[in-house]
Structure formats: C-alpha cells, structure tokens
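Each chain gets a letter, A, B and so on, in the order its sequence line appears, and its residues count up from 1. Atom set for the values below is all heavy atoms of this structure, side chains included, hydrogens, waters and symmetry mates excluded. Note that the structure is predicted; figures quoted are calculated from it, not measured.
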Amino acid sequence: MIRQYDKIKDMDLSFETKLVDHKINEMDTGRDLTQCICHVDMDAFYASVEELDDPSLKEIPMAVGGMHMLCTSNYKARQFGVRSAMPGYLALKLCPQLKIIPLHFPKYRAASAKVRAIFAKYDPSFLPMSLDEAYLNLTNYLSTSELTPEQLVQQIRDEIQQETQLTASAGIAANRMLAKICSDFNKPNGQYFLPMEREAIMKFTSNLSIRKVSGVGRVTERVLQTLDVKTCGDILHRRAILYRLLSPISFQFMLKCYLGLGSTNFNLESDRKSISVERTFSALSKPDDLYRKVDELAELLAVDLGRNQIQGGKTVGIKLKLTSFDVRVRSKTYPSYISKKEDIARIVKELVQKELPVSIRLMGIRLSSLPPKVDDDHGVKKYFKKRKNTDAGEEQPRKISTVPSSPVSVLTSTSVTPDTHLTASIAANENAPSIVAVTCPICSRSLALDNHQFNQHLDECLNKVTVKAILQQQQQNQSPPQDQTQGRSLLDYYR
DNA sequence: ATACATACC
DNA sequence: TACTGGTATGTAT
C-alpha cells in the first residue's frame, strides 16, 4: 500500500476530492439525529461480581479467568498493567500478588439478568451485546417523560446500582457508534452525553482518536497513522488519498467516522452471515481422535443452528490450528443447505481428512451461505422493516487495505476532456456560482451548469444503473483499459 | 468460491 | 507449563 501511496501522493486529486465531497455532503444531509441511543457498560463486570461475594477482593489486585486467559481485572490489578485478554501467567509476572479467580458464569448471568430487567423497562427492545454491555434506544421513553437524557441515564445507572450493587458507565448519543465511544469517556461509574446535534458531533469527532472507534484496531490504526490520520477529523484532509487507497467499504466507514455517523438499528440477527463453533484442546493427531472432535463440534453447531432458527448453510468450513500455531482454513460449498449434524460431521471429516497428517490444538467448524432470513412478519409492518436503506450500515468497517487502483481514471480517461481541463472547470465553479461549462466525468457529456446543478447532475449520474451502463459501454467502445479492476470501487459504492 | 487477516469482548 | 477463545466479516486470490 505504501507503494500505491507513493505513486499517487503527488498526483492531482482535485477530482477525487470533488467526488468525495459530494458523497460527504450526501451522507451529512442524510444524518439521522432523531434517536437517543445509550450504551451501557458494566464496570469490570466479572471482577465486580466476584467482589460482591468476597469484599476482601476489593483490597487486592485480582483478576477473573485462568492461567491461559484473563477476562477482567479489578482496578487495583489494572494499576499493575493487568488487562483483560491477557494470559494469566503473564499477568502474574507483572503482578506476583495477583489473585486469579476462576470464572463463575452462572453468577455473572444472574447479575446480568437483573441488569437486563432494568434495561427492558426503558427499552423493551434493548440490544444486549454481551453479559455486561447493551444498547438502549431511549427515544420512546424520553418522549413520554420530562427527564433529560442525562437525567434518565443517571436514573438507570442508579437503579442498576441499587439492584445489583454494581456500577455501570454509559454513553448517550445519536447513534450506536458514538454512544459506545461516549460510554468509555467517564469510566468507571460515569456517563457522557453527546448532544444529538450536528455541530456537537462534528466537534466531538474532529479531535477524536480514530482508535476509539469500534472496528479500528491496532493494525488499522497503524495503517492510518502512515497516512497522517490520527483523528476522525484528519480523515477530511486526507479524503482523496483515502478514497484512492481504501476499498469502498473501508472508505465509506472512514467517512462515517469523520461525520460521526452510525447505526441506530438494533436488529443484528437480520444479517448474520455465518455460524461456527471452535474449541481448543491439548494436541491431537490421531485421525480417530480428530473425528471424535468433529462429532462433538458438529453436535454443538447443530444445536446452535436450532437455537438460532437457522435452516442451514451451503458452505461448510473447518479451521485447524496446528500445534505450531499455524492456522489452516478449508471450506466447501454445496448446492443445497446442510443442517443435520450427521451431514455436517461427514463433510467436515472429508475436509479434515485432506489435511492429514496434522497435529492440532484447535478445531473449528462453520456454516456459511446461510439462507436469507425468513420474514415472518405479516401485514404492512414488513414494508418498513425490510428497507435496506442507504445508511442502515452497521458499524462494519474492518479490513483496511488497498484497492488496486481508482475507478476514476478509467472514467475520466474516456472523457473527451482531459483531467486537467475538467478539474479546472470545477475549481472555477467553486468560487463563482455562475454557469460554467463542465464535462461530466461520469457520462462525459458537456454541460453548462452552475455548481448546484452540477451536483444534482452528479447525483443522477451516480446511480447504479447509470454507472453500470457507462462502464459497460466503455468496455465495448474502448481498447481494453490498462487496469481491469478499475471499474470496481465506484460501482460498489452504488450497489 | 476459497483462504487469510483483523476486530471485538 | 503456558500467548487466550469464540464469533463475525472484510479482502485477496
């Protein structure tokens, strides 16, 4: 990617900038500020539950988990650098006095149930993310109450503390992405309210470390750092470069970060794409042992399928982690849906067999290519539910990576007007709202339009059908483009 | 369609 | 002793 970057960093990207600005404007205008979303996060949940049972644990550094992995640590332990997701033995090196408590899931589930009962009072369709974390849509409740969002959330947190003697932190904002970030701001036992207003949100994101955004991990952070993007606000300055370097999905996610856009939709189950189970164990290599594992996992997966009301999947996959820690993933797709545990086991065994001989410490099996979710809604409701609207996008960011090249050059390369002319025209347009002759980069037509009209024209031009048609036409009319992949990203935006 | 990588908790 | 474990999904080939 660095090479790609070097190649384009000195190029004239004013057209890309224009295109991206158009997109930004569109997204900004479509912003939904009508919802009040709250993210509640219990403080050091498992550790706090353990402290309830044994208050003496509060006085010492303590963590919950095992030698292989810790799930949570109390705040005393965090002072030593003991974190969740850290192997216990390593934590002991940092903090030899650390007391490690084994997991007691039934207790955590019981505590979680109490908390969830409270959530349900304020939002019956609250969205639990794990035992200790949930999103609430407070819009409805607030509309029937005199309380401000902050007062309401304070009340909810008070209630949690009364009922469970556990503390929670919360974030209140216009969407899930922002609420999640806010819940981290005054942790532990605090809350942060980000008003559901455009200006407040833009100010908030402008200085917000990109790493705070859920979905941006260590790797992505580093990649972005290379491009001088540290905060969500930085994305604006680098928008043209990002547009050229990132995949359409990643780029759109970047724009959402910049604008502080996120989902307000709580229906996660609707677009699940796969279901899987995996287990780690002490090294196995005898085929019989492996096949026994397959049967165990197939059983678990079949149960999970039933519990989630999933009919089956056409693709069956395995994951093997060798004792060398290498990971192998294999899969096979069938014309019909696989769901019975016997069928799963049989296919998985075939896949495993091809990998023999192996010595593994983990086996996972997966079903994907799931059937489209059956909509059991009757009546008019479904017409509202089904709309996979433009923005409905969950927080689905993940992989940042390069896209081979930009679609723009292939589009402009066919236009009668050279790039330089085009950008000059647009630039002229910028400062003088008068009518200027431009060549539309999409349809190549010469147009006499003012800035507003030009944008409107872009709108019309930039829809799936038009773009597809044009790309097709270009492929016919033109000697093969230097780069076959070029049409891709632009199409993907409007798919 | 398949393999691999990153992220979250 | 020991670098987690379970699930989802984006991206490259």
Side-chain angles (χ1 to χ4, degrees), chain A residues 1 39 41-42 44-46 63-73 83-94 100 103 108 112 128-134 176-177 180 183-184 211-224 245-253 268-269 271-283 297 300-301 304 308 313-321 323-335 351 354-355 361-370 393-404 485 488-489 492:
Chain A
M1 184 170 86
H39 180 252
D41 195 352
M42 303 298 295
F45 185 55
Y46 298 169
V64 179
M67 275 318 206
H68 286 298
M69 187 191 57
L70 302 179
C71 292
T72 334
S73 55
R83 296 291 141 76
S84 57
M86 178 181 273
Y89 74 93
L90 222 174
L92 281 174
K93 287 195 174 157
L94 291 170
I100 298 182
L103 287 156
Y108 315 142
S112 182
M129 299 303 288
S130 60
L131 284 182
D132 75 319
E133 208 182 302
R176 275 169 36 198
M177 179 196 96
K180 170 92 199 258
S183 71
D184 205 49
R211 184 59 204 275
K212 294 274 185 189
V213 179
S214 173
V216 177
R218 249 193 14 262
V219 176
T220 308
E221 181 188 32
R222 240 192 340 191
V223 170
L224 290 174
L245 288 179
L246 303 187
S247 71
I249 289 178
S250 297
F251 179 70
Q252 204 172 23
F253 175 64
L268 284 186
E269 205 62 30
D271 39 9
R272 172 201 281 258
K273 289 180 180 151
S274 71
I275 183 164
S276 63
V277 301
E278 66 186 56
R279 286 295 129 92
T280 298
F281 34 77
S282 46
L297 292 176
L300 288 171
L301 189 59
D304 245 28
N308 290 288
K314 289 191 202 178
T315 303
V316 179
I318 61 166
K319 169 172 155 186
L320 304 177
K321 189 184 279 180
T323 41
S324 61
F325 279 87
D326 287 327
V327 174
R328 281 189 209 167
V329 183
R330 302 289 181 262
S331 66
K332 191 158 161 49
T333 303
Y334 290 84
L351 290 169
K354 290 191 193 147
E355 302 304 314
R361 67 194 318 275
L362 172 148
M363 181 188 293
I365 69 182
R366 157 178 315 227
L367 277 177
S368 47
S369 313
L370 307 182
E394 307 297 304
E395 278 88 284
Q396 34 173 232
R398 307 285 131 75
K399 299 306 102 71
I400 292 278
S401 121
T402 70
V403 77
T485 64
R488 213 191 66 191
S489 351
D492 286 350

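Residues forming a side chain to side chain contact (heavy atoms under 4.5 Å, CB included) with A:Ser324 (at least two apart in sequence, or on another chain): A:Leu322, A:Asp326. Partners of A:Glu133 under the side chain to side chain contact (heavy atoms under 4.5 Å, CB included) rule, at least two apart in sequence or in another chain, are A:His39, A:Asp41, A:Met129, A:Ser130, A:Lys180.
Rounded to an integer number of Å, the gap from CG of A:Leu367 to P of C:dT9 is 14 Å. One interatomic measurement links the two molecules: CG of A:Leu92 to P of C:dA2, which rounds to 14 Å at whole-angstrom precision. The CG-P distance, from A:Leu224 to B:dT6, rounds to 13 Å in whole Å. For A:Met363 and C:dT7, the CE to P distance is 15 Å, given to the nearest whole Å. The distance between atom CZ of A:Arg218 and atom P of B:dC8, rounded to the nearest whole Å, is 10 Å. Distance CZ (A:Arg222) to P (B:dT6): 9 Å, rounded to an integer number of Å. Across the protein-nucleic acid pair, A:Leu131 atom CG and B:dC8 atom P stand 19 Å apart, rounded to whole Å. Between the CD1 atom of A:Ile318 and the P atom of B:dA3 there is a distance of 9 Å, given to the nearest Å.
Nearest nucleotide to the A:Tyr89 side chain, out of C:dG10, C:dA2, C:dT7: C:dA2. Of the candidate nucleotides C:dG6, C:dT9, C:dA2, C:dG6 has the atom lying nearest to any side-chain atom of A:Glu278. Considering only the side chain of A:Leu90, C:dC3 comes nearest among C:dT7, C:dG6, C:dC3. With C:dG6, B:dA7, C:dT7 as the candidates, the nucleotide lying closest to the side chain of A:Val277 is C:dT7. The side chain of A:Phe325 lies closest to C:dC3, out of C:dG10, C:dC3, C:dA2.
Sequence order on DNA chain C of the closest nucleotides to A:His68 and A:Ser274 puts A:His68 first from the 5' end. Toward the 5' end of DNA chain C, the nearer of the two residues A:Lys321 and A:Ile275, judged by each one's closest nucleotide, is A:Lys321. Residue order along DNA chain B, read from the 5' end via each residue's closest nucleotide, puts A:Tyr334 first among A:His39 and A:Tyr334.
A:Arg361 comes within contact range of the sugar-phosphate backbone alone, with a heavy-atom separation under 4.0 Å but no base atom that close. Across all strands, A:Leu70 comes closer than 4.0 Å to no nucleic acid atom at all (heavy-atom distances). Heavy atoms of A:Val316 sit nowhere under 4.0 angstrom from any nucleic acid atom.
The shortest distance between the side-chain N/O atoms of A:Thr333 and the OP1/OP2 oxygens of B:dA1 is not below 4.0 Å. When the side-chain nitrogen and oxygen atoms of A:Ser276 are compared with OP1 and OP2 of C:dA8, one or more of them lie within a distance under 4.0 Å. At C:dG6, one or more side-chain N or O atoms of A:Arg279 fall inside 4.0 Å of OP1 or OP2 (strictly under the cut-off). Checking the phosphate oxygens (OP1, OP2) of B:dA7, a side-chain nitrogen or oxygen of A:Thr220 falls inside 4.0 Å. Within the structure, every side-chain polar atom (N or O) of A:Lys273 is placed at least 4.0 Å from both OP1 and OP2 of C:dT7. Contact annotation: A:Ser331 side-chain N/O to B:dA1 OP1/OP2 distance is not under 4.0 Å. Residue A:Arg330 places at least one side-chain N or O under 4.0 Å from the OP1 or OP2 atom of B:dC4.
With hydrogens and angles disregarded, a donor-acceptor distance shorter than 3.5 Å links the side chain of A:Arg211 to the backbone of A:Val216.
Because its NZ or CZ atom is both nearer than 6.0 Å to the ring centre of A:Tyr334 and within 45° of the ring axis, A:Lys332 counts as a cation-pi partner of that residue.
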Inset, instruction - Could you go through the side chain to side chain contact (heavy atoms under 4.5 Å, CB included) check for A:Glu355 and A:Arg328 one step at a time? - result: CA-CA 9 Å; A:Glu355 302 304 314; A:Arg328 281 189 209 167; 2.9 Å; yes
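Under 3.5 Å, the side chains of A:Ser274 and A:Ser368 contain no donor-acceptor pair of N or O atoms.
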